[in-house]
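Note that the coordinates shown come from a computational prediction; the quantities given were computed from them, not determined experimentally.
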Amino acid sequence: MFTGLVQSTGVIEAITDASEAKRLRIGASLAEGDRALGASVCVSGVCLTVTDSGPDFFTADAAFETLAVTTLGGLTVGSKVNLEPSLRVGDSLGGHLVSGHVDGVGRLRRVEARGDARECWFWAPEELRRYVAVKGSITVDGVSLTVNAVDDEGFMVGLIPHTLEVTTLGALIDALAGAGEGEEPRCNLEVDLLARYVERLLGARA
């Protein structure tokens with residue numbers, strides 16, 4: 001489990017193709033325990049398992065299903081990714097409970113400046129919109145955010161300067177500025193676990 005509080009960013013240093021999978025070498029300085037063999041690291045919202053590591057890198061494999069339903073398949077050498085080691089018992093839960101199991105891929109469709117902050121509107125897949133509520137939580141590329149508004153196409157969040165500086169979401173905004181119609185930058189979305197459990201419980205009672 002994770003919190004959605006990104007601890008650092010990393011850079012894709014190499015991508016090795018395997019049978020229906022890719023091995024990612026990510027340049028990052030993680031504590032030794034956080035990059036131990038078999039440890040879980042949330043990479044831009046996707047829970048991956050460490051397969052090798054050193055003081056300034058770790059590797060992880062992304063299999064066919066992960067490549068198909070997340071943005072990891074579109075990464076190239078030089079791409080930046082958000083990183084968060086797994087939550088330990090006793091750690092502070094400053095964001096919200098995040099599984100690292102991406103529910104779908106969204107797109108950043110509009111940005112408006114609000115002083116130093118940014119109002120960001122995202123398109124979300126139709127099947128996920130019922131889980132998104134004002135003042136609820138959502139994870140965008142591994143970042144825990146509070147939903148400020150919803151509409152028929154998705155949702156809006158506010159990004160403060162600190163978030164823009166220490167995560168890849170600032171680069172996502174920059175990518176939108178240079179994108180043509182239909183080429184809006186893509187992002188991994190994970191809806192609030194509690195919303196899914198509530199739906200499941202209500203469905204069982206119906």
Notebook entry, point to check: Taking it one step at a time, do L83 and V6 satisfy side chain to side chain contact (heavy atoms under 4.5 Å, CB included)?
Noted result: CA-CA 6 Å; L83 301 176; V6 170; 5.6 Å; no
Note to self: If you apply the rule salt bridge (charged side-chain N to carboxylate O under 4.0 Å, His left out), what do you find for R110 with E112, and how did you get there?
What the structure shows: CA-CA 7 Å; R110 188 170 83 248; E112 296 182 16; 3.3 Å; yes
Item checked: Worked verdict on C47 versus C42 for side chain to side chain contact (heavy atoms under 4.5 Å, CB included) -> CA-CA 4 Å; C47 178; C42 191; 5.7 Å; no
Notebook entry, point to check: Hey, mind stepping through V105 and C187 against side chain to side chain contact (heavy atoms under 4.5 Å, CB included) and telling me if it holds?
Noted result: CA-CA 6 Å; V105 173; C187 55; over 6 Å; no
Margin query: Evaluate L97 against T3 for side chain to side chain contact (heavy atoms under 4.5 Å, CB included), listing each step before the verdict.
Written below: CA-CA 5 Å; L97 287 175; T3 67; over 6 Å; no
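V132 and V98 fall into different hydrophobic clusters, where Ile, Leu, Val, Met, Phe, Trp and Tyr residues are linked whenever their side-chain heavy atoms come under 4.5 Å apart, directly or through other members. In the hydrophobic clustering of ILVMFWY residues, with side-chain heavy atoms under 4.5 Å counting as a link, V143 and V43 come out apart. By the rule that hydrophobic residues join a cluster once side-chain heavy atoms approach within less than 4.5 Å of another member, L128 and V134 end up as members of one cluster. L176 and L159 fall within the same hydrophobic cluster, where Ile, Leu, Val, Met, Phe, Trp and Tyr residues are linked whenever their side-chain heavy atoms come under 4.5 Å apart, directly or through other members. Placement of L48 and V50 within a single hydrophobic cluster is found when ILVMFWY residues are connected by side-chain heavy-atom separations under 4.5 Å, directly or transitively.
You'll find the side chain of H96 reaches within 4.5 Å of the side chain of D192, heavy atoms only. In this structure, the side chains of L24 and T59 stay at 4.5 Å or more apart for every pair of heavy atoms. Side-chain contact between E190 and V102 is absent, with no heavy-atom pair separated by less than 4.5 Å. Within the 4.5 Å cutoff, no side-chain heavy atoms of V77 are placed close to those of E13. Annotation: side chain of T66 is in contact with side chain of V46 (closest heavy-atom distance under 4.5 Å). Residues I173 and L164 are in side-chain contact: their nearest non-hydrogen atoms beyond the backbone lie under 4.5 Å apart. Within the 4.5 Å cutoff, no side-chain heavy atoms of V41 are placed close to those of F2. Looking at W121 and L108, their side chains never come closer than 4.5 Å, going by heavy atoms from C-beta outward.
Here CD1 of I138 is found 8.5 Å from CG of D103. Values are rounded to the nearest 0.5 Å. The distance from the CG atom of L145 to the OG atom of S137 is 9.0 Å, given to the nearest 0.5 Å. With rounding to the nearest 0.5 angstrom, the CE atom of M1 is 6.0 Å from the OG atom of S99. In this structure, CG on D141 lies 12.5 Å from OG1 on T9, to the nearest 0.5 angstrom. Remark: I160 CD1 to E165 CD distance equals 10.5 Å, nearest 0.5 Å. Here the CZ-CG distance, from R107 to L172, works out to 12.0 Å after rounding to the nearest 0.5 Å.
If you check the side chains of T167 and N82, you find no donor sitting under 3.5 Å from an acceptor. T139 and S144 share no side-chain donor-acceptor pair at under 3.5 Å. Between the side chains of T71 and N188, at least one donor-acceptor pair of N or O atoms lies under 3.5 Å. Between the side chains of S53 and R35, a donor-acceptor pair is found at a separation under 3.5 Å.
At least one donor-acceptor pair closer than 3.5 Å links the side chain of E84 to the backbone N or O of G4. In this structure a side-chain-to-backbone donor-acceptor pair under 3.5 Å is present from D151 to G154. Not a single donor-acceptor pair under 3.5 Å links the side chain of R186 to the backbone N or O of E183. With hydrogens and angles disregarded, no donor-acceptor distance shorter than 3.5 Å links the side chain of S79 to the backbone of L75. Side chain of D56 to backbone of S29: no donor-acceptor contact under 3.5 angstrom is found. For N148 (side chain) and M156 (main-chain N/O), no donor-acceptor pair under 3.5 Å exists by modelled atom type.
The two residues A39 and G33 have their closest heavy-atom pair at CB-O, 4.3 Å. When all heavy atoms of C120 and V111 are compared, the closest pair comes out as SG-CG2, 4.1 Å.
Figure legend: cation-pi geometry between R109 and W123 absent, as NZ or CZ is not positioned both under 6.0 Å from the six-membered ring centre and within 45° of its axis.
At most 12 heavy atoms of other shown residues, nucleotides or ligands fall within 6.0 angstrom of atom CD in E20.
Each of T16, D61, D52 was checked for a side chain to side chain donor-acceptor pair (under 3.5 Å) with R23, and the lone residue meeting it is D61.
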